[in-house]
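Here's the structure we're looking at; comments come further down.
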Amino acid sequence: MDMYAPRRSAGFTLIELMITVAIVAILAAIALPAYDSYITKSRIKTAQADLVGLSLNLENTYQRKLAYPTLTLANTAAVTGEFSAWHPAEANFSYSVSSSSTGYTLTATGTAGKVSGCVITLNNENARAIAQCGTYNGGWQ
């Protein structure tokens, strides 16, 4: 055996490690914005479902009394106090109700994060709208 022969070492070279780190960084730069968009969209969809659930409470009152309750509730605590069977699933929105004996408008307003300032509305004629929610503006199904 030659004492001056090069040894083979097991492991990765620095260049191989740097290439791997660069690939992971590129994948993360693509995946994180897509994931963030997915989370924002799911929060908006949850708030929409909360409004539909709240509208069912108002429609139930209409079926029993042939008139909507006359209410102006400005925040989520007041709404859940009036409609004890309804509890929102989305905490990043504040919910309000404005109703007369002939109709109502329900509003969810974003309070935190990417949905801050986002306004979602639903009324007794099933007219639905989204405003100030970036790429999610418009109507909703």
Side-chain angles (χ1 to χ4, degrees), residues 1 3-141:
M1 179 170 190
M3 66 196 254
Y4 297 107
R7 291 186 175 186
R8 293 194 164 225
S9 61
F12 296 106
T13 65
L14 182 60
I15 193 73
E16 289 171 332
L17 225 59
M18 294 301 288
I19 290 171
T20 303
V21 167
I23 290 171
V24 169
I26 290 169
L27 290 174
I30 293 168
L32 288 178
Y35 178 71
D36 189 47
S37 175
Y38 172 77
I39 294 298
T40 301
K41 190 179 204 179
S42 70
R43 287 187 172 145
I44 291 170
K45 291 291 185 185
T46 303
Q48 291 171 338
D50 287 340
L51 288 180
V52 170
L54 183 55
S55 73
L56 292 174
N57 280 281
L58 286 157
E59 293 297 340
N60 185 28
T61 302
Y62 184 82
Q63 285 182 345
R64 286 185 285 120
K65 299 181 180 179
L66 296 178
Y68 295 109
T70 302
L71 299 169
T72 301
L73 306 171
N75 58 46
T76 305
V79 175
T80 55
E82 182 68 29
F83 300 101
S84 60
W86 179 82
H87 296 285
E90 182 53 57
N92 291 315
F93 281 83
S94 176
Y95 300 88
S96 62
V97 175
S98 176
S99 68
S100 67
S101 62
T102 59
Y104 61 83
T105 299
L106 309 177
T107 305
T109 305
T111 58
K114 298 278 184 177
V115 295
S116 183
C118 178
V119 178
I120 305 169
T121 58
L122 172 65
N123 69 18
N124 60 297
E125 295 177 356
N126 204 28
R128 304 166 180 214
I130 300 175
Q132 302 169 2
C133 294
T135 59
Y136 308 104
N137 290 340
W140 51 289
Q141 288 75 28

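- Between the side chain of S37 and the main chain of P33, no donor-acceptor pair closer than 3.5 Å is present.
- Checking side-chain atoms of S99 against main-chain N and O of P69 turns up a donor-acceptor pair under 3.5 Å.
- Summarising the geometry, atom OG1 belonging to T107 is positioned 10.0 Å from atom CG belonging to L54; distances are rounded to the nearest 0.5 Å.
- The structure places CD of E59 at 9.0 Å from CG of N126, a figure rounded to the nearest 0.5 Å.
- Other residues, nucleotides and ligands contribute over 12 non-hydrogen atoms within 6.0 Å of the CG atom of L27.
- In this view, Y95 and W86 satisfy the ring pair (Phe, Tyr, Trp, His ring centres under 6.0 Å) rule, not counting sequence neighbours.
- In plain terms, the two heavy atoms of C118 and F93 that are nearest each other are O-CE2, 4.1 Å.
- When the ring pair (Phe, Tyr, Trp, His ring centres under 6.0 Å) test is applied to Y62, the partners found at least two apart in sequence or on another chain are Y68.
- Formation of a donor-acceptor pair under 3.5 Å by the S116 side chain with backbone atoms of G113 is not found in this model.
- Of all heavy-atom pairs between S96 and V79, the closest is CA-CG2, 4.1 Å.
- Here the side chains of K114 and I39 are not in contact, with every heavy-atom distance at 4.5 Å or above.
- Distance check, rounded to the nearest 0.5 Å: CG of N124 to CG of L58 gives 9.0 Å.
- Heavy-atom minimum distance, L51 versus L122: O-CD2, 3.6 Å.
- The number of heavy atoms from other shown groups lying within 6.0 Å of CD (E16) is above 12.
- In terms of modelled atom types and a separation under 3.5 Å, the side chain of D50 and the main chain of A89 share a donor-acceptor contact.
- Put simply, OH on Y104 and CG on L73 are 14.0 Å apart, with the number rounded to the nearest 0.5 Å.
- If you take OG1 on T111 and CG on N92, they are separated by 5.5 Å, rounding to the nearest 0.5 Å.
- Counting heavy atoms from C-beta on, the side chains of T109 and Q132 never come closer than 4.5 Å.
- Distance check, rounded to the nearest 0.5 Å: CG of L14 to CD1 of I19 gives 10.0 Å.
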- prompt: Does the pair E82 and N57 meet the rule for a side chain to side chain contact (heavy atoms under 4.5 Å, CB included), with working shown?
  reply: CA-CA 10 Å; E82 182 68 29; N57 280 281; over 6 Å; no

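- Contact check for P88 versus T80: side-chain heavy atoms found under the 4.5 Å cut-off.
- For the pair T70 (side chain) and S100 (backbone), a donor-acceptor distance under 3.5 Å is absent.
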